[in-house]
2 protein chains.
Amino acid sequence: MTDDDRVFKALADPTRRFLLDLLFARDGRTLTELESELEMTRFGVMKHLRLLEEAGLVVTRRSGREKLHFLNPVPIRLVHDRWIDKYTEHQVTALVDLKHRLEDQP
Amino acid sequence: MTDDDRVFKALADPTRRFLLDLLFARDGRTLTELESELEMTRFGVMKHLRLLEEAGLVVTRRSGREKLHFLNPVPIRLVHDRWIDKYTEHQVTALVDLKHRLEDQP
DNA sequence: ATGATACGTGACCCTTTGGTCACCTGTCAA
DNA sequence: TTGACAGGTGACCAAAGGGTCACGTATCAT
């Protein structure tokens, strides 16, 4: 299994994306803390966090009996760079910004 | 199934990522042309292209009995923007660039 | 017209994956 | 030191996903 295989497989599940959203909002949470935000047993959440960690999307640090989880944005940036080169990046960004501005209209 | 569900599911498979790579290198190819690059029957490739199209990662245009496939980078950019805000984007980009420069060393 | 070409559909099989549970190890506090 | 708390493992089951095939429709060239 290659590195980006792990990244894309990890991103494929909605629960795991939600976990990334939680860590994006606030870093350094424990498993139990994350579990409380989900309608799932601890074991399910643990499996998901394990896949995210193996993909490098989440980095962890132990502190006593707790394990703290942090979001790592680097693999996401590499996904971006795979199919968006420097030349088209400006156009795409402009297009996305325009879309946002149009959607903010009443 | 939500929009980004479709995008992430579509990106989860290595064959589909390879198809995006092919279209990134050269746009506007037909199914048969793409099939010739893969060790798989036409039916498998067709299923993959269908998922890519439903996710909006590939846009198509008919021309007689042929169907031309084009890469659409917008959903990729939206994936990026979900977990990388403007503030950290510069740092991450710099980090990735540094990584590339280090890897280019002998 | 008719054979070849390009794409499409539905059913089928096998593998992978998401989720749960019984059970276990390490750490903290009273 | 002993009970409560935080995290970890392996087996298990139902559901989703990848790939192929028989068969079908539309378009092109001769």
Side-chain angles (χ1 to χ4, degrees), chain A residues 1-23 26-71 75, chain B residues 1-23 26-71 75:
Chain A
M1 169 105 61
T2 71
D3 264 11
D4 53 71
D5 249 335
R6 271 182 283 270
V7 171
F8 288 108
K9 283 275 170 72
L11 291 176
D13 183 84
T15 303
R16 288 195 287 271
R17 292 197 297 275
F18 182 63
L19 284 169
L20 292 183
D21 290 339
L22 290 175
L23 294 178
R26 182 164 51 83
D27 253 337
R29 309 205 211 191
T30 69
L31 164 62
T32 321
E33 195 175 350
L34 292 168
E35 175 204 347
S36 70
E37 306 266 357
L38 292 174
E39 316 247 319
M40 191 185 300
T41 66
R42 181 170 55 91
F43 310 99
V45 181
M46 209 185 325
K47 269 196 176 181
H48 287 305
L49 285 174
R50 183 167 174 267
L51 292 182
L52 287 170
E53 191 175 354
E54 287 176 352
L57 288 161
V58 162
V59 186
T60 61
R61 201 184 69 218
R62 299 219 52 131
S63 164
R65 61 179 163 181
E66 293 185 332
K67 188 175 180 182
L68 307 179
H69 298 76
F70 301 87
L71 175 62
Chain B
M1 171 102 65
T2 73
D3 264 11
D4 53 72
D5 250 335
R6 271 182 282 271
V7 171
F8 289 107
K9 284 275 169 75
L11 291 175
D13 183 83
T15 303
R16 288 195 288 271
R17 293 197 297 276
F18 182 63
L19 284 168
L20 292 182
D21 290 339
L22 290 174
L23 294 178
R26 182 164 51 82
D27 254 336
R29 308 205 211 191
T30 69
L31 164 63
T32 321
E33 194 175 350
L34 292 167
E35 175 205 346
S36 70
E37 306 266 357
L38 292 173
E39 316 248 316
M40 190 185 300
T41 65
R42 181 171 54 91
F43 310 100
V45 182
M46 208 184 327
K47 267 196 177 181
H48 287 305
L49 286 173
R50 183 167 174 267
L51 292 183
L52 287 170
E53 190 174 355
E54 287 177 351
L57 288 161
V58 162
V59 186
T60 62
R61 202 184 68 220
R62 299 220 52 132
S63 163
R65 61 179 164 179
E66 292 185 333
K67 187 174 180 181
L68 308 179
H69 298 76
F70 301 86
L71 175 63

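Order of the sequence lines fixes the chain letters, A, B, ..., with proteins taken first and strands second; residue numbering starts at 1 for each chain.
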Side chain of B:K67, heavy atoms from C-beta onward: which of C:dC7, C:dG18, C:dC21 has the nearest atom to it? C:dC7
Please figure out whether A:V45 or A:M1 has its closest DNA chain C nucleotide nearer the 5' end. A:M1
At 4.0 Å (heavy atoms only), tell me whether B:R50 reaches a base, stays on the sugar-phosphate, or touches nothing. nothing
Rounded to the nearest Å, what distance is computed from the CD atom of residue B:E33 to the P atom of nucleotide C:dT5? 16 Å
Return the value, rounded to whole Å, for the distance between atom CD of B:E66 and atom P of C:dC7. 6 Å
Side chain of A:T41: nearest nucleotide among D:dG18, C:dC21, D:dG7? C:dC21
Among D:dT20, D:dG18, C:dC23, the one nearest any side-chain atom of B:L51 is D:dG18
Nearest 0.5 Å, what's the CZ-CG distance between B:R16 and B:L11? 8.5 Å
Which part of the nucleic acid does B:K9 contact within heavy-atom distance under 4.0 Å: base, sugar-phosphate only, or nothing? sugar-phosphate
Among C:dG19, C:dG18, C:dG8, the one nearest any side-chain atom of A:H48 is C:dG19
Go nucleotide by nucleotide along DNA chain D from the 5' end; which of A:L68 and A:K47 gets its closest nucleotide reached first? A:L68
What nucleotide among D:dG17, C:dG8, D:dG8 has an atom nearest to a side-chain atom of A:M46? D:dG8
Starting at atom CZ of A:F43, determine the distance to atom P of D:dG8, rounded to an integer number of angstrom. 12 Å
Side chain of B:T32 - closest among C:dT27, C:dG18, C:dA6: C:dA6
What is the distance, to the nearest angstrom, from the CZ atom on B:R65 to the C1' atom on C:dA4? 8 Å
Could you grab the distance from atom CG of A:D13 to atom NE2 of A:H48, nearest 0.5 Å is fine? 4.5 Å
Could you tell me whether the side chain of A:S63 and the main chain of A:E66 form a donor-acceptor pair under 3.5 Å? no
Min side-chain heavy-atom separation B:L51-B:K9 under 4.5 Å: no
Reckon B:G64 touches a base, only the sugar-phosphate, or nothing at all at heavy-atom distances under 4.0 Å? sugar-phosphate
For B:R42 and C:dG8, give me the distance from atom CZ to atom P, rounded to whole Å. 9 Å
Could you tell me how far apart B:L19 (CG) and D:dG18 (P) are, to the nearest whole angstrom? 12 Å
Shortest non-hydrogen contact between A:A55 and A:R6, atoms and distance: CB-O, 3.5 Å
Roughly, in whole Å, what's the span from CG in B:L34 to P in C:dC7? 9 Å
CG of A:L49 versus C1' of D:dT9: gap in Å, rounded? 16 Å
Side chain of B:D13: nearest nucleotide among C:dG8, C:dT17, D:dG18? D:dG18
